[in-house]
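For reference, the structure discussed in these notes is given below.
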Number of protein chains: 2
Amino acid sequence: MVALPPLSDAEIDRVFHALADATRRDIVARVLGGEQASISALAARYQMSFAAVQKHVAVLEGAGLVTKQAHGRERIVRGNPERIARARELLGQLEELWKARFSQLDSLFPDTRSQE
Amino acid sequence: MVALPPLSDAEIDRVFHALADATRRDIVARVLGGEQASISALAARYQMSFAAVQKHVAVLEGAGLVTKQAHGRERIVRGNPERIARARELLGQLEELWKARFSQLDSLFPDTRSQE
DNA sequence: GGGAAGCGCAACCATTTGGTTGTATGATAG
DNA sequence: CTATCATACAACCAAATGGTTGCGCTTCCC
């Protein structure tokens, strides 16, 4: 467990916004899955212009979900699983809030309360 | 484990889009935390108009993250933890794609894989 | 009954998004 | 050196976002 610096609200906004598009989720899935993916290689898979895909990658990069690595004249897109894990943690925290409601109910019946 | 119907791309879009706003995440956190929250009670907590908060709640409702229950002239907003869990699963699947890349490597070096 | 609270909805506005095309630049192949 | 490929970036445009105000309807309280 490394103590990672917390994401700011604006960063969290960018992460979820980046994930709120099927094309971008598909790109993330491909690069996390290990597909060797230059931008033009990615662009060939979708029926939209190269520039459009380039913009999607830029959004993902701004959210920290992918990185670009120069390799000759190509830019290889690689996934950043840490950011995905971080987003998942955030959702986990929301779920915890919900679960915590039951521990409050439990406090009304002191004997039934389990330790944390 | 219940076999829940899969979310469509459009639904997933709505879920992540709804989460891509700090005010909406805060609303979700409050209602999941059990705060008795009518729309006007929520609106009082943010420095924006009632109608703006109403729109945020509508976005959350459209994403299935929240439900409204009529109670007299008030609408009580309640959180839907199932959708949060669903979103988390989706992120989990993306992480699995990444982890699966190592299982190939692991087959070359059996034994090095033990962590989660 | 009548006024006020709570909500929904529509109109409006500035900004952002998601796509396009076109142009410029760096790396590669011949 | 020249032509081409991969990328970057700017301008442009339609549509969606996120906020506002205003109006109308239902419900509650005196």
Side-chain angles (χ1 to χ4, degrees), chain A residues 8-31 35-79 87, chain B residues 8-31 35-79 87:
Chain A
S8 69
D9 271 355
E11 286 171 317
I12 301 173
D13 286 1
R14 282 195 288 270
V15 170
F16 284 119
H17 172 253
L19 291 169
D21 180 281
T23 301
R24 287 195 292 259
R25 284 193 302 274
D26 195 66
I27 291 175
V28 170
R30 287 183 186 283
V31 298
E35 183 167 320
Q36 192 69 6
S38 66
I39 306 209
S40 54
L42 285 171
R45 301 196 168 272
Y46 308 101
Q47 45 187 22
M48 67 184 72
S49 69
F50 171 85
V53 174
Q54 204 177 354
K55 278 191 184 183
H56 281 308
V57 172
V59 169
L60 290 169
E61 191 182 19
L65 288 166
V66 305
T67 56
K68 279 185 294 188
Q69 191 182 9
H71 202 265
R73 62 181 163 184
E74 296 185 342
R75 300 290 182 276
I76 304 301
V77 181
R78 291 158 67 236
Chain B
S8 70
D9 271 355
E11 286 171 317
I12 301 174
D13 286 1
R14 280 195 289 272
V15 170
F16 283 120
H17 172 252
L19 290 170
D21 180 283
T23 301
R24 289 195 289 260
R25 284 193 301 275
D26 195 68
I27 291 175
V28 170
R30 286 182 187 283
V31 299
E35 184 167 320
Q36 191 70 7
S38 66
I39 305 206
S40 55
L42 284 172
R45 300 196 168 272
Y46 308 100
Q47 43 187 22
M48 67 183 72
S49 69
F50 171 85
V53 174
Q54 203 178 353
K55 279 191 183 182
H56 281 307
V57 172
V59 169
L60 290 169
E61 192 182 20
L65 288 166
V66 135
T67 56
K68 279 185 293 187
Q69 190 182 10
H71 202 264
R73 62 180 162 182
E74 297 185 341
R75 300 292 181 275
I76 304 300
V77 181
R78 290 160 66 240

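In what follows, chains carry the letters A, B, and so on, assigned in the order in which the sequence lines appear, proteins first and then strands, with residues in each chain numbered from 1. Only this structure's heavy atoms are used, side chains among them; waters, hydrogens and symmetry mates stay out.
As rounded to whole Å, 17 Å separates atom P of D/dT26 from atom CD1 of B/Ile39. For A/Gln47 and C/dT20, the CD to P distance is 10 Å, given to the nearest whole Å.
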Please list every donor-acceptor pair under 3.5 Å in which a side-chain atom of residues 37-46 of chain B meets a protein atom from a residue at least two apart or in another chain.
| from | atom 1 | to | atom 2 | distance (Å) |
| --- | --- | --- | --- | --- |
| B/Ser38 | OG | B/Ser40 | OG | 3.4 |
| B/Ser38 | OG | B/Ala41 | N | 3.1 |
| B/Arg45 | NE | B/Glu35 | OE2 | 2.8 |
| B/Arg45 | NH2 | B/Glu35 | OE2 | 3.4 |
| B/Tyr46 | OH | B/Asp26 | OD2 | 2.6 |
| B/Tyr46 | OH | B/Arg30 | NE | 3.3 |

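Not one N or O on the side chain of B/Arg75 forms a donor-acceptor pair closer than 3.5 Å with the backbone of B/Ala70. Using a distance-only test at 3.5 Å, with no hydrogens or angles considered, a donor-acceptor pair links the side chain of B/Glu11 to the main chain of B/Ser8. Using modelled atom types, no side-chain atom of A/Arg78 and backbone atom of A/Thr67 make a donor-acceptor pair closer than 3.5 Å. Using a distance-only test at 3.5 Å, with no hydrogens or angles considered, a donor-acceptor pair links the side chain of A/Arg24 to the main chain of A/Ala18.
Note that CD1 of B/Ile12 is 10.5 Å distant from CG of A/Leu19, once rounded to the nearest 0.5 Å. Taking CG of A/Leu65 as the reference point, atom CD1 of A/Ile27 lies at 11.0 Å (rounded to 0.5 Å).
Smallest separation of non-hydrogen atoms from A/Ala22 and B/Asp13: N-OD1, 3.5 Å.
Close to C/dG6, at under 4.0 Å from its OP1 or OP2, lies no side-chain N or O of B/Arg75. Here A/Lys55 does not reach the OP1 or OP2 of C/dT20: none of its side-chain N or O atoms lies under 4.0 Å away.
Contacts of residues 10-27 of chain B with DNA chain D (heavy atom under 4.0 Å): B/His17, B/Arg24.
Mapping B/Glu74 and A/His56 onto DNA chain C by nearest heavy atom places B/Glu74 closer to the 5' end of the strand.
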Treating primed atoms plus P, OP1 and OP2 as sugar-phosphate and everything else as base, which nucleotides of nucleotides 21-30 of chain C get B, S or - for protein heavy atoms under 4.0 Å?
B-----BS--
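Interface remark: the B/Gln54 side chain does form a donor-acceptor pair with the C/dG8 base, using a distance-only criterion of under 3.5 Å.
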